[in-house]
**Q** 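Shown below is the structure under consideration.
To find a chain, count down the sequence lines: A is the first, B the second, and so on, and within it residues start at 1.
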Amino acid sequence: MARILITSALPYINGIKHLGNLVGSQLPSDAYARYMRARGHEVMFICATDEHGTPAELAAGKAGVPVAEYCADMWQVQKDLAEGFRLSFDFFGRSSSKRNRELTQHLAGKLADAGLIEEVSEKQVYSRADARYLPDRYIEGTCPNCGSENARGDQCENCTKQLNPTDLINPRSAISGSTELEVRETKHLYLRQSAMRERLDKWIDSQKGWPLLTTSIAKKWLHDGDGLRDRGITRDLDWGVPVKRGSEEWPGMEGKVFYVWFDAPIEYIAATAEWADANGQDDASWQRWWREDKGALDVHYVQFMGKDNVPFHTLSFPATLMGSGEPWKLVDFIKSYNWLTYEGGKFSTSAGRGIFMDQALDILPSDYWRWWLLSNAPESSDSNFTWESFQGGVNKDLADVLGNFVSRVTKFCRSKFGEQVPEGGEYGAAEAKVTAEIAKRLTIYQDNMQAIELRKAAADLRAIWVMGNEYLQTAAPWSIYKQSPEDAAAIVRFALNLIRLYGVLSAPFIPDAAKAILTAVNAEGAGWPDDLDLALSALPPGHAFTTPDVLFAKLSDERREELEAQFAGE
RNA sequence: GGGCCUGUAGCUCAGUUGGUUAGAGCAGAGCGCUCAUAACGCUUUUGUCGUAGGUUCGAGUCCUACCGGGCCUACCA
């Protein structure tokens, strides 16, 4: 039994996430967490909302509520949606928590002690109308290069040229449209990542088997141009972790906060402390996951994220932890995902394009989404959501292959033997053959789950479901019954045990259906089939069951067309 | 501009360190079964593995060039 720490990238607070966000971190991390728990490992699975930064302030302003209130509300919304998708976090925290504030300030202090923080004076654009400093991207104007009038301060979207805000002609605030902008001198703290480049480089090199996507992005940042650059870790904002050096004031930094990207990953740790607090546990209970001097040496730590998050998780956050000089647990494996596209285009929060988590749950139960998203996860490249593919996938895999198998077995049994596992006959060569085939495929399934190749694992799981139908077709208990009810009984008994097995194996992907299956066969506590022969005779003759309702109703063509039209976008 | 990834059956993808007749699911065709959500099972068609060269006894797998698709490029998170 191992101890496995799992974190999912923190969803940003400013609204409900779409399915692309979901499949990029939370969903795969949940499947992995569920699998590892099922295998008997001790798991700590952490997520939280990422609440700081300009977009949160603006979203709150738009909603007409104070930002703290806005975040509290949205945290609840996101937490409820996470539960709706059956994301089994041990704790769902908030980056605005007291724990994170203190830990962020603490780590900044340690980094300063280690000489890894530098004060830099720089010029920032201030908008008087908005009464705030504007991030580059919130300044718009005319592109000096191509003349587009909607260029942003960081880049012109029309000609893709990189810009500085001061390059723009007729700059204006993207928030208010105000042209009352001025350049002000302001001081900020920089994390001296450049000083840790070699250490980070060696650390990355020492990692075995990381996805290509992960290491190639990290290497690019480490070696591009002059190499890893220092990074500003403070901002002139109201909403965030106030800049302090440990518990002390930081002279010159009054009124400033840490940059969200500095405090957000720290929340992985802080949220584990929040978990301890919420459960009345002491500090040692969370430190044993995070401090190598306090028991975390044997922890295996896996992070899940979209590819946009990779630089922060491979470089900035490790630099923060390493640089602190304290023995914090560093990540052991980073699983990164590509994008999910929607009908060939981008999911877009701002344009409202695609399917959002709340809408998805209004349409169909979470298992449908979980199955399609995980079995089509963008693991090796971007993948594309289409309603046609979704309909085909869930109807075929869930309704026909799995759902119908459960249905045909339980209904046949009920009509011939009643709602209990029938007695009589014995397993023979056919059952031994199927058991051997399943054992073989189960090993592959387990290997793929272990390696977090979820798309492949889903295919393995499906193949194991198919074996049930193949078996039934060959064994044909409906024919055998006419000559020998005893022999038919053995077949049905074996098939009912297959159903129980499927309930156990399917739980990481479709937890609700898995539970419904196990409840139907009256085997809620069923554990992982470490011994397959044993597992396939776990339900003894006479064991009562109930014939379940249709596990997965099909998505009709009419309904699919309706949904396609509904989500066609504006 | 620079860097990275990618192009394999109609569709979505798998193809270990280069090694005999290139695989899966879906879709299509045929047959079978009738327990079941008209579900299931079996059989089966289709590929110049983006293009052109090169290395090799041998390349989907390595190299080069070109063509197509995508991503990143550090102040959105």
**Q** Pick base, sugar-phosphate or nothing for E388(A), based on heavy-atom distances below 4.0 Å to the nucleic acid.
**A**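 If one applies the 4.0 Å heavy-atom cut-off, E388(A) turns out to touch nothing in the nucleic acid.
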**Q** To the nearest Å, give me how far apart CD1 (I13(A)) and C1' (C76(B)) are.
**A** 16 Å
**Q** What is the nucleic acid contact for V492(A), judged by heavy atoms within less than 4.0 Å: base, sugar-phosphate only, or nothing?
**A**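 Counting heavy atoms under 4.0 Å across all strands, no contact is made by V492(A).
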**Q** Provide, to the nearest angstrom, the distance between the CH2 atom belonging to W478(A) and the P atom belonging to C40(B).
**A**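 Roughly 13 Å, once rounded to whole Å.
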**Q** Between S216(A) and R235(A), just flag the one whose closest nucleotide in RNA chain B comes earlier from the 5' side.
**A** S216(A)
**Q** Calculate the interatomic distance between D136(A) atom CG and A74(B) atom P; express it in whole Å.
**A** 10 Å
**Q** May I ask you to check whether over 12 heavy atoms, not counting those of D549(A), lie within 6.0 Å of atom CG?
**A** no
**Q** Does the A39(B) base have a donor-acceptor partner in the side chain of D400(A) within less than 3.5 Å?
**A** no
**Q** To the nearest Å, give me how far apart CG (L472(A)) and C1' (G32(B)) are.
**A** 15 Å
**Q** Do the side-chain N or O atoms of K307(A) get closer than 4.0 angstrom to the phosphate oxygens (OP1, OP2) of G70(B)?
**A**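 So the side chain of K307(A) is outside the cut-off, no N or O lying under 4.0 Å from OP1 or OP2 of G70(B).
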**Q** If you only use heavy atoms from C-beta on, which nucleotide in A39(B), U37(B), G70(B) is closest to the side chain of V550(A)?
**A**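 Per side-chain heavy atoms of V550(A), the pick is U37(B).
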**Q** Does the gap between the ring centers of F417(A) and Y481(A) come in under 6.0 Å?
**A**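 Distance test on ring centres: under 6.0 Å, yes.
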**Q** Could you tell me how far apart K396(A) (NZ) and U12(B) (P) are, to the nearest whole angstrom?
**A**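 Rounded to the whole Å, the gap is 19 Å.
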**Q** What contact category does K416(A) fall into here, base, sugar-phosphate, or nothing, at under 4.0 angstrom with non-hydrogen atoms?
**A** nothing
**Q** Counting only side-chain nitrogens and oxygens, does K346(A) get under 4.0 Å of the OP1 or OP2 atom of C71(B)?
**A** yes
**Q** Counting only side-chain heavy atoms from C-beta out, which of G3(B), A77(B), C13(B) sits nearest to K220(A)?
**A**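 Nucleotide nearest to K220(A)'s side chain: G3(B).
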**Q** Measure distances between side-chain N and O atoms of W261(A) and base N and O atoms of A77(B), and say whether any donor-acceptor pair falls under 3.5 Å.
**A** yes
**Q** Hey, is D382(A) close enough to K307(A) for a salt bridge, meaning N to O under 4.0 Å?
**A** yes
**Q** Please pick, from G41(B), A36(B), C72(B), the nucleotide with the shortest atom-to-atom distance to any side-chain atom of S407(A).
**A** A36(B)
**Q** CG of L373(A) versus C1' of U12(B): gap in Å, rounded?
**A** 15 Å
**Q** What nucleic acid atoms does G468(A) come within less than 4.0 Å of, heavy atoms only: base, sugar-phosphate, or nothing?
**A** nothing
**Q** Start at the 5' end of RNA chain B and walk down; is the nucleotide closest to N384(A) or to K123(A) reached first?
**A** N384(A)
**Q** Mind telling me whether W261(A) and F312(A) have parallel, tilted or perpendicular rings, with 30° and 60° as the class edges?
**A**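 F312(A) vs W261(A) ring planes: parallel.
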**Q** Hey, is the side chain of R441(A) poking within less than 4.0 Å of OP1 or OP2 on A24(B), counting only N and O atoms?
**A**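 Answer no for this pair, as no side-chain N or O of R441(A) is under 4.0 Å from OP1 or OP2.
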**Q** Strictly below 4.0 Å: does Y471(A) bring a side-chain N or O up to OP1 or OP2 of C40(B)?
**A**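 Result: no.
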**Q** Report yes if at least one side-chain N or O of K411(A) is closer than 4.0 Å to OP1 or OP2 of U37(B); otherwise report no.
**A**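 Affirmative; the distance criterion is met.
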**Q** Measuring to OP1 and OP2 of C35(B), would you say a side-chain N or O of R408(A) lies under 4.0 angstrom away?
**A** no
**Q** Using OP1 and OP2 only, check whether a side-chain N or O of R414(A) sits under 4.0 Å from A36(B).
**A** no
**Q** Answer yes if the ring centres of W369(A) and F390(A) are under 6.0 angstrom apart, and no otherwise.
**A** yes
**Q** Just how far, in rounded Å, is C1' of C75(B) from OH of Y190(A)?
**A**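 Distance, rounded to whole Å: 9 Å.
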**Q** Among the nucleotides A77(B), G41(B), G25(B), which one has an atom lying closest to any side-chain atom of R462(A)?
**A**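 From the listed options, G25(B) comes nearest.
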**Q** Rounded to whole angstroms, how far apart are CG on L340(A) and P on G70(B)?
**A** 16 Å
**Q** Strictly below 4.0 Å, N to O, side chains only: are D224(A) and K220(A) in salt-bridge contact?
**A** yes
**Q** Using only side-chain N and O atoms of K554(A), determine if any of them is under 4.0 Å from OP1 or OP2 of A36(B).
**A** no
